[in-house]
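Computation of the quantities below employed the complete heavy-atom set of this structure, encompassing side-chain atoms and omitting hydrogens, waters and symmetry-equivalent molecules. Remember, it's 1-based here, ligands and their atoms both numbered in the order they're listed.
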Amino acid sequence: MHDVRGAVVYWMSRDQRVRNNWALLFAHRKAESLQQPLVVVFTLAPSFLGAPLRHYDFMLKGLQEVELSLRELNIPFFLLQGEPETELSGFIKKLKAGAVVTDFSPLHISRTWKKTIGKTLLPIPLYEIDAHNIVPCWIASGKQEFAARTFRPKITSLLKEFLTEFPRLTPLDSVQEIIPVAWDKIYKGLNADQNVQPVEWLKPGEKAAEAYLDNFLCNRLASYSVKRNDPNAGALSNLSPYLHFGQISAQSCALRASGSNAPETDSSAFLEELIVRRELSDNYCNYNGFYDSFDGLPAWAKETLEQHRTDKREYLYTSEEFEEGATHEKLWNAAQLELVKTGKIHGYMRMYWAKKILEWSETPRQAFDTAIALNDRYALDGRDPNGYTGVAWSIGGLHDRAWFERSVYGKIRYMNASGCARKFDVKRYIAQFEREELFPS
Ligand code: FAD
Ligand code: FO1
């Protein structure tokens with residue numbers, strides 16, 4: 001690959017931040033070595049996997065902060081509205097760019113964009129940098145991993161090399177004309193579904209993400225291993241929306257957590273989730289083209305679910321009834337209402353939530369599609385490899401083993417309300433998310 005003379009462009013997509021961003025650092029270094037200007041561009045797709053206003057609002061507020069942080073570094077930021085394939089190639093040509101850098105994502109939508117754009121850009125090179133994972137996805141493993149236990153040794157052995165501090169980004173000396181983004185025009189051009197309103201409890205953007213991380217490390221990491229399965233304990237980091245939109249670097253979270261003075265049991269429990277589980281999700285989506293479909297599930301799971309497909313379902317609900325949180329089980333309804341209201345379900349409840357959709361749906365395939373649809377519509381951290389993998393784990397035994405066989409589930413791990421009641425105060429959890437508040441009759 002040879003660079004062509006001209007500006008270096010960082011096409012920002014998954015990692016929407018200025019600090020601790022390997023793709024931006026690489027583009028910056030390339031611009032310096034080629035003595036060329038550097039610009040950052042974001043292509044705002046008209047609709048992104050059906051994301052409603054809740055997600056666009058969180059993302060755009062974060063991007064407004066990106067624009068201001070880049071301005072302090074003398075780096076112009078552009079936001080193009082429309083189909084990325086067409087908008088970006090026109091922009092690159094007009095700018096007479098010499099090289100384009102983008103960040104890595106295993107999702108279909110991003111890969112399609114890059115394939116198309118990579119071709120139209122030739123001979124201008126398109127570099128892809130994994131700024132999301134600590135160990136780049138394709139280095140951690142060259143194939144779909146069977147379970148966390150097969151993935152953990154591979155990724156742990158590479159942390160010495162990759163879990164490092166970030167170099168600082170210095171302002172570029174080349175002063176360029178900086179044209180502010182017309183944000184009001186952008187908002188007017190949005191056609192996102194207004195029925196899913198922005199959440200109030202979580203402030204978007206890099207600064208808020210850093211503050212949230214500090215708060216977690218100082219006040220909650222030290223009880224993480226004991227309390228993380230209790231949805232009443234407020235023990236989780238709540239970092240997933242920031243991590244999903246790339247408003248904070250997982251690598252910087254891991255460095256801060258391992259450097260904290262929390263007990264080793266707590267920091268290692270947190271790092272297991274943040275590093276092993278999270279990067280295992282990218283591994284699944286990167287190497288399994290059916291990650292967002294029932295077809296991607298392990299053969300043993302599809303077989304056992306098929307064997308029990310005609311078992312009598314004691315309760316049956318449509319996706320609308322699930323969406324309304326209108327099942328017979330108050331605990332499940334509370335989890336659904338937590339999702340609708342706050343844009344997030346507590347990690348422990350999420351497993352139970354998905355497994356009950358399996359138990360109360362016509363077919364396992366329908367259950368899979370319902371869980372993905374509800375998760376992507378309401379969860380701020382949705383449309384993410386963690387979501388596809390989380391649903392596949394819950395409903396399709398991905399990265400899990402076979403369990404004692406039972407009706408409907410077959411050998412898929414079972415969970416129920418009495419199991420939850422043994423772990424935490426379910427009445428207290430239900431009381432937080434009563435139906436009336438959300439769907440006043
Ligand atoms: P913490 O417990 O504080 O964990 C910190 C970070 O570690 C998380 O932000 C996440 O990046 C990572 N992590 C934690 N648990 C997991 C896990 N099980 N798998 C992968 N990474 C993990 N996570 C999403 O980011 N988006 C989703 O759409 C999503 N959907 C899920 C659906 C189901 C059915 C299940 C069972 C899990 C899902 N998860 C999803 C994984 C997990 O529940 C969330 O990442 C976690 O609850 C986010 O809250 P937190 O940041 O407060 O978690
Ligand atoms: N990334 C983009 O590059 N352009 C978009 O318009 C865009 C919209 C969007 C909406 C909701 C959401 O959850 C994510 C969105 N993303 C968008 C970012 C997205 O997270 C990543 O680019 C992909 O998920 C690939 O991982």
query: Salt bridge or not for Glu145 and Lys154, using N-O below 4.0 Å?
result: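 Salt bridge: yes.
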message: If the threshold is 4.0 Å, N to carboxylate O, is there a salt bridge linking Asp282 and Arg14?
response: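 Salt bridge present between Asp282 and Arg14.
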For [atom], which of the options [options] provides the nearest non-hydrogen atom?
{"atom": "atom 18 (C) of ligand 2", "options": "Arg14, Gln16, His55", "answer": "Gln16"}
{"atom": "atom 15 (C) of ligand 2", "options": "Phe42, Phe48, Phe58, Trp113", "answer": "Phe48"}
{"atom": "atom 14 (C) of ligand 1", "options": "Arg228, Glu273, Glu272", "answer": "Glu273"}
{"atom": "atom 50 (P) of ligand 1", "options": "Met351, His399, Glu279, Lys344", "answer": "Lys344"}
{"atom": "atom 20 (O) of ligand 2", "options": "Gln81, Met59, His244, His108", "answer": "His244"}

Spell out, as yes or no, whether a donor-acceptor pair under 3.5 Å connects the side chain of [X] to the backbone of [Y].
{"X": "Gln251", "Y": "Thr164", "value": "yes"}
{"X": "Asp381", "Y": "Pro241", "value": "no"}
{"X": "Asn21", "Y": "Asp15", "value": "yes"}
{"X": "Gln81", "Y": "Ala45", "value": "no"}
{"X": "Arg313", "Y": "Glu359", "value": "no"}
{"X": "Ser141", "Y": "Cys137", "value": "no"}

Starting from [atom], which protein heavy atom do you reach first, and at what distance in Å?
{"atom": "atom 38 (C) of ligand 1", "value": "Arg350 CD, 3.6 Å"}
{"atom": "atom 4 (N) of ligand 2", "value": "Thr43 O, 2.8 Å"}
{"atom": "atom 26 (N) of ligand 1", "value": "Asp381 O, 2.8 Å"}
{"atom": "atom 19 (N) of ligand 1", "value": "Arg277 CB, 3.8 Å"}
{"atom": "atom 11 (O) of ligand 1", "value": "Arg278 CD, 3.2 Å"}

- prompt: Which residues pass the side-chain contact (heavy atoms from CB on, under 4.5 Å) test with Pro46, sequence neighbours left out?
  reply: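 Testing Pro46 for side-chain contact (heavy atoms from CB on, under 4.5 Å), a comparison that skips the adjacent residues, returns Glu83.
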List ligand 1 atoms under 4.0 Å from [X], heavy atoms only on the residue side.
{"X": "Gly347", "answer": "43 (O), 47 (O)"}
{"X": "Ser281", "answer": "20 (C)"}
{"X": "Gly390", "answer": "33 (C), 34 (C), 35 (C), 36 (C), 37 (C)"}
{"X": "Ser394", "answer": "34 (C), 36 (C)"}
{"X": "Leu274", "answer": "7 (O)"}
{"X": "Gly382", "answer": "28 (O)"}
{"X": "Phe270", "answer": "3 (O), 5 (C)"}
{"X": "Ser237", "answer": "1 (P), 3 (O), 5 (C), 50 (P), 51 (O), 52 (O)"}

- prompt: Does any N/O atom on Ala45 come nearer than 3.5 Å to any N/O atom on ligand 2?
  reply: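 For ligand 2, there is an N or O atom that lies under 3.5 Å from one belonging to Ala45.
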message: So, regarding Tyr56 and ligand 2 (criterion: nitrogen or oxygen to nitrogen or oxygen, under 3.5 Å), is there a contact or not?
response: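 Between Tyr56 and ligand 2 (N or O atoms, distance only) the closest approach is not under 3.5 Å.
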If you define the side chain from C-beta out and look only at heavy atoms, does anything of [X] sit under 4.5 Å from [Y]?
{"X": "Gln432", "Y": "Arg428", "value": "no"}
{"X": "Lys330", "Y": "Ile430", "value": "yes"}
{"X": "Tyr284", "Y": "Leu398", "value": "yes"}

For ligand 1, note which part of [X] has a heavy atom under 4.0 Å away: side chain, backbone, both or neither.
{"X": "Leu243", "answer": "side chain"}
{"X": "Trp393", "answer": "neither"}
{"X": "Tyr224", "answer": "side chain"}
{"X": "Ala354", "answer": "side chain"}
{"X": "Leu280", "answer": "neither"}

Purely on distance, is any nitrogen or oxygen of [X] under 3.5 Å from one on ligand 1?
{"X": "Asp384", "result": "no"}
{"X": "Leu239", "result": "yes"}
{"X": "Ser240", "result": "yes"}
{"X": "Asn386", "result": "yes"}
{"X": "His346", "result": "no"}
{"X": "Arg383", "result": "no"}

Just by distance, no angles: are the side chains of [X] and [Y] close enough, under 3.5 Å, to form a donor-acceptor pair?
{"X": "Tyr10", "Y": "His28", "answer": "no"}
{"X": "Gln144", "Y": "Asn286", "answer": "no"}
{"X": "Asn375", "Y": "Arg350", "answer": "yes"}

message: Just to be sure I read this right, does ligand 2 sit under 4.0 Å from the backbone of Ser13, its side chain, both, or neither, counting only heavy atoms?
response: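 Both the backbone and the side chain of Ser13 come within reach of ligand 2.
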- prompt: Can you tell which part of Leu107 has a heavy atom less than 4.0 Å from ligand 2: side chain, backbone, both or neither?
  reply: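 It is the side chain that touches ligand 2; the backbone stays farther off.
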Angle between ring planes, [X] versus [Y], binned at 30° and 60°: parallel, tilted or perpendicular?
{"X": "Phe216", "Y": "Phe270", "answer": "tilted"}
{"X": "Phe245", "Y": "His55", "answer": "tilted"}
{"X": "Tyr242", "Y": "Phe58", "answer": "tilted"}

task: Mark yes or no: Arg365 above the aromatic ring of Phe294, with NZ or CZ under 6.0 Å from the six-membered ring centre and no more than 45 degrees from the axis.
output: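 No cation-pi geometry.
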task: Measure the distances from the heavy atoms of Tyr242 to every atom of ligand 1 and state whether one is below 4.0 angstrom.
output: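 The answer is no: ligand 1 sits nowhere under 4.0 Å from a heavy atom of Tyr242.
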- request: For His244 and ligand 1, answer yes if some heavy atom of the residue is under 4.0 Å from a ligand atom, otherwise no.
  value: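 No.
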query: Ring centres of Phe42 and Trp11 under 6.0 Å apart?
result: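 No, the ring of Phe42 stays outside the 6.0 Å limit from the ring of Trp11, centre to centre.
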message: Can you tell me if His132 contacts ligand 2 (heavy atom of the residue under 4.0 Å from the ligand)?
response: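 For ligand 2, residue contact (heavy atoms, under 4.0 Å) with His132 is absent.
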